[in-house]
Amino acid sequence: MQGNPSLSLHSCRAQPQPSQFLRRLSALAPHPFPWRRLRLASSASASASASASARFSISKHRSSSSNNSSFSLFRSNKKASRFSCSALPEPFSIEIPIGDRHILVETGHIGRQASASVTVTDGETIVYTSVCLSDIPSEPSDFFPLFVNYQERFSAAGRTSGGFFKREGKTKDHESNEEDHLLDVGKCYATLGILSTKEIRKVLICRLIDRPLRPTMLKGFYQETQILSWVLSYDGLHSPDSLAVTAAGIAVALSEVPNSKTIAGVRIGLVGDKFIVNPTTTEMEDSKLDMLLAGTDSAILMIEGYCNFLSEEKLLEAVQVGQDAVRAICNEVEALVKKCGKPKMFDAIKLPPHELYKHVEDIAGDELVQALQMSSKIPRRKALTLLEDKVLNILTEEGYICSDAPLGVNETISDMLEDEDEDEEVVVDGEVDEGDVHIKPTSRKTTRLLFSEVDVKLVFKEVTSKYLRRCIVENGRRSDGRTLEEIRPINSRCGLLPRAHGSTLFTRGETQSLAVVTLGDRQMAQRVDNLVGVDELKRFYLQYSFPPSCVGEVGRIGAPSRREIGHGMLAERALEPVLPSEDDFPYTVRVESTITESNGSSSMATVCGGCLALQDAGVPIKSSIAGIAMGMVLDTKEFGGDGSPIILSDITGSEDASGDMDFKVAGNEDGVTAFQMDIKVGGITLPIMRKALLQAKDGRKHILAEMLKSSPPPSRKLSKYAPLIHVMKVKPEKINLIIGTGGKKVKSIIEETGVEAIDTQDDGIVKITAKDLSSLEKSKALISNLTMVPTVGDIYRNCEIKSITTYGAFVEIAPGREGLCHISELSSNWLAKAEDAFKVGDRVDVKLIEINEKGHLRLSRRALLPDTNPESSSESKDTVTSQETTGEGLPKKMLTVAKQNVGEEKTEQSRDKAGSRKGRSSNKSNSSESTVLPQKKFIRKLVAPGKDRSETNKENTRKSSSEPVPSVSSKDESSLVNGEAKIG
């Protein structure tokens, strides 16, 4: 068979007539056939499609400003069947300019059975997104049933998972089934497992996709809609998150899901004074701003970003750049939608009856106004619940009697049948005059209107929001009596948890956060998983918890929800710019925020409480940070206003749910560190955002002033229960000495000293973590001695003799570091055997007199002994100098050089004698006695043949510790005190 049969739903050899074919499909279908999904192409359209189709080829699209290539696959349809189904979309692709390069958008290549699917390519990063919807609508509710899932596959970067489970996408990690979704106020909370940083990133990007799409979805559409997004290829330069937002917006625009406008998303960076659209990861390393903006061609829907104390004017400039880029993308996508977009399912939209709004207002109007004026959340919620039950009982069970409806017009069918039965007469022949006119009286039964429970609940919620907004516009005050810019009362207490390293209870109105700071070492840091595979550790992270008790409800306690992860990341990024560097503060910092009360803006309470808790833990932050949530009433003309939007400062939960905006801003008096904006209407303009940012700045200043009134104030010093961390710098090649074979050495140091951990880095940084100062000092001394760099002339006190040989003793000057003290250097007197004067375990003072080319150490005890018998000493020296040694491995010639303060002698022998006479101060020295360092330094140089020297080195290696002897390097400052090395 020629052509491409994969584009046809049935074989070309036995093609039934169109009408017969459709009748067969209708007969086989258990439900009414979805005609909107099946489109039969006529012979004319089929031939036109065949002529317009390209042959099977691979076309390569290149951007003029980028060297990266993108590939698209086209298949021909020259010999398509006459009655082949055209439900599968044709391939289309467009290139959209963004910044200094183009992105490639393709549809109709893969995922053709989905309602819509697209691939978006930037460089060599490819994101594939599909949109599917259920055939049967779900039960109506007050939220749009949208489910978003985003996945970054390791294969996109040519890697695989390093864990035990190699398969990605486990249900318990980041996905959930229908029973795991807790649906509340239009948001879908997925029950998540214990998440890695890679899974947390997926959740955050899912939120970035979900938040700008929801305001564009039309009310009354209840088909479950699922958006799946995969990163198929990642080049390490072009971030996939902004591409995923754009791909989702394009896929929804091409699908049958009814939406108001097409959305797109871009990232904005600031390098120097230049704003960059969709910057690369390399450019983001130098960027002062990380902002992701999503919107339509005319309005902004979502903004989330982090910066380093940027001013409000700079942020507005960035928003303007991002809005221009989004507008350009949306205009190009609109042209694509006209070519290959599917008809929208507007006929599936089901809205509550229009008259139901008036009935709810008539029943609950006055009581609703009174309930909304209650300042406390719990009493107000109970009053609204009782009022809702009353409205439901009237409109769904008892029936509502409309006061202005004409009597007898709107009778129910049962009433009409009942009346007809009552008025029926039995007529007997001749008894009724044919001239009599029998007129039935009009029924005067009143009409009782009944509505569905779902519609009543939806309308009651909308009416409640309408009344709340009306009270704000008409009265200029809110339900709790505050003005539009007034902040709720603030109270904070620090140090209320005695064993915690830092704690703060921050209260703002009825919102309360308990923030706790824990300090630890590098092992407490959070490991970051990414596609690139570069190991990265987070030394600061914040975890946000929102238990059901904080709103007085009963609920499930489990893994963090998507909302908790998003709020925690926002607060974390808000506080991160004020943290000290790792060099100044080597601790890993963990902040836990538990919301104990919630009535709006709990994430911003986390920012304030977390900042105070950091100060209470003694973290030297650069400045205080405060956060505030802003709200808005956009349309004021509806309630008699002048039409200009009203901005609300420090919004409550009801103002968040009923308002048009939730704009969170964190920073100090000088600038902004984090911001997040969600819009619940068609979008806002730049002037509105300017007004909100400036009003938020005034609110932050007020909150910062109130934070200074904390009682008790933060301690600003390390807790006595916090661990002690000492940072040392050693030669990088000495790290192996600390670790030892298989980590044995570092484990022995930890067990011997009692410290908690010893962390080593490849650059030579050593961090010792201990609970008390004594164990810290012990560990510090051991590591200093272990990694010290010996220098000729160093003196080592109280060193232990580890072994004794025929030619001397091996003395341990530091843990694992031994040197040879030759028998001639053990005493000022001649010794036949070292065992005659010393034994293993004795402690002596020695001086380093030589380091050979292999790093072996030559020690001398004699150099530190005062000589009391000049003649015998001179004779002994002459004998040692002139004799030829016969012992194995002993040197054949020894020269003694004395450095004097007088003029240098002409002959070597006279220098030796002079040095012996002046240096002699005692006859004999015990191995354990303390000696006084002589004013003249004696340096004994060993001169021996190569063979003997080699044998001596072998014996030295055999008798020494198993630790490797390092090469010669510079001296460690921590190992010497006043020119002398301390041991132990």
Side-chain angles (χ1 to χ4, degrees), residues 499 501 518-525 537 539 582-583 585-588 618 718-790 794-802 810-819 840-846 857 960-966 969 971-978 980-984:
R499 298 290 296 195
H501 300 162
T518 304
L519 303 177
D521 57 358
R522 193 168 182 261
Q523 295 181 356
M524 199 182 81
L537 294 177
R539 55 181 293 265
E582 188 173 4
D583 295 336
F585 194 74
Y587 288 89
T588 295
L718 286 177
S719 169
K720 62 181 180 179
Y721 301 111
L724 301 175
I725 295 182
H726 177 73
V727 181
M728 301 175 62
K729 176 69 175 178
V730 301
K731 289 287 184 179
E733 57 268 18
K734 302 292 184 181
I735 292 296
N736 290 333
L737 295 177
I738 303 175
I739 299 175
T741 305
K744 292 181 180 179
K745 192 63 182 178
V746 68
K747 291 179 182 178
S748 65
I749 297 175
I750 293 175
E751 293 176 359
E752 180 180 352
T753 60
V755 297
E756 290 186 343
I758 298 176
D759 178 63
T760 59
Q761 301 178 17
D762 294 338
D763 58 355
I765 296 295
V766 180
K767 294 182 181 179
I768 308 171
T769 306
K771 290 183 178 180
D772 54 82
L773 187 60
S774 61
S775 61
L776 181 66
E777 291 295 335
K778 291 179 182 179
S779 178
K780 175 184 174 183
L782 287 177
I783 294 176
S784 298
N785 294 329
L786 187 63
T787 60
M788 70 174 184
V789 180
D794 290 346
I795 299 172
Y796 302 94
R797 303 289 185 183
N798 198 28
C799 300
E800 182 182 359
I801 297 178
K802 305 297 290 186
F810 286 95
V811 181
E812 185 180 49
I813 62 173
R817 300 297 304 275
E818 295 181 4
V840 175
D842 287 347
R843 294 188 172 274
V844 295
D845 298 338
V846 293
L857 310 179
S960 63
S961 173
S962 61
E963 297 293 334
V965 180
S969 56
K971 179 171 60 178
D972 190 345
E973 295 179 358
S974 63
S975 64
L976 297 177
V977 179
N978 296 328
E980 299 183 5
K982 288 190 174 182
I983 306 299

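Along the sequence shown, the residues carry numbers beginning at 1. What you see is a predicted model, and the numbers here were worked out from it, not measured in a lab.
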Report yes if the side chains of [X] and [Y] come closer than 4.5 Å at any heavy-atom pair, otherwise no.
| X | Y | result |
| --- | --- | --- |
| E582 | K767 | yes |
| K771 | L724 | no |
| R539 | R522 | no |
| S748 | K745 | yes |
| D762 | I735 | no |
| I738 | V766 | yes |
| L857 | I813 | yes |
| L776 | I768 | yes |

Between [atom1] on residue [X] and [atom2] on residue [Y], distance to nearest 0.5 Å:
| X | Y | atom1 | atom2 | answer |
| --- | --- | --- | --- | --- |
| T588 | L519 | OG1 | CG | 9.0 Å |
| T760 | L737 | OG1 | CG | 11.5 Å |
| I739 | K734 | CD1 | NZ | 14.0 Å |
| S775 | I749 | OG | CD1 | 13.0 Å |

Does a sphere of radius 6.0 Å around CG in D763 hold more than 12 heavy atoms from other residues, nucleotides or ligands, not counting ones at 6.0 Å or beyond?
yes
For the student: nearest non-hydrogen atoms of [X] and [Y], plus distance:
| X | Y | answer |
| --- | --- | --- |
| T769 | D521 | OG1-CB, 3.0 Å |
| Y796 | P790 | OH-CB, 3.6 Å |
| P723 | H501 | CD-CE1, 3.7 Å |
| E818 | K802 | OE2-CG, 3.3 Å |
| S784 | K780 | OG-O, 2.7 Å |

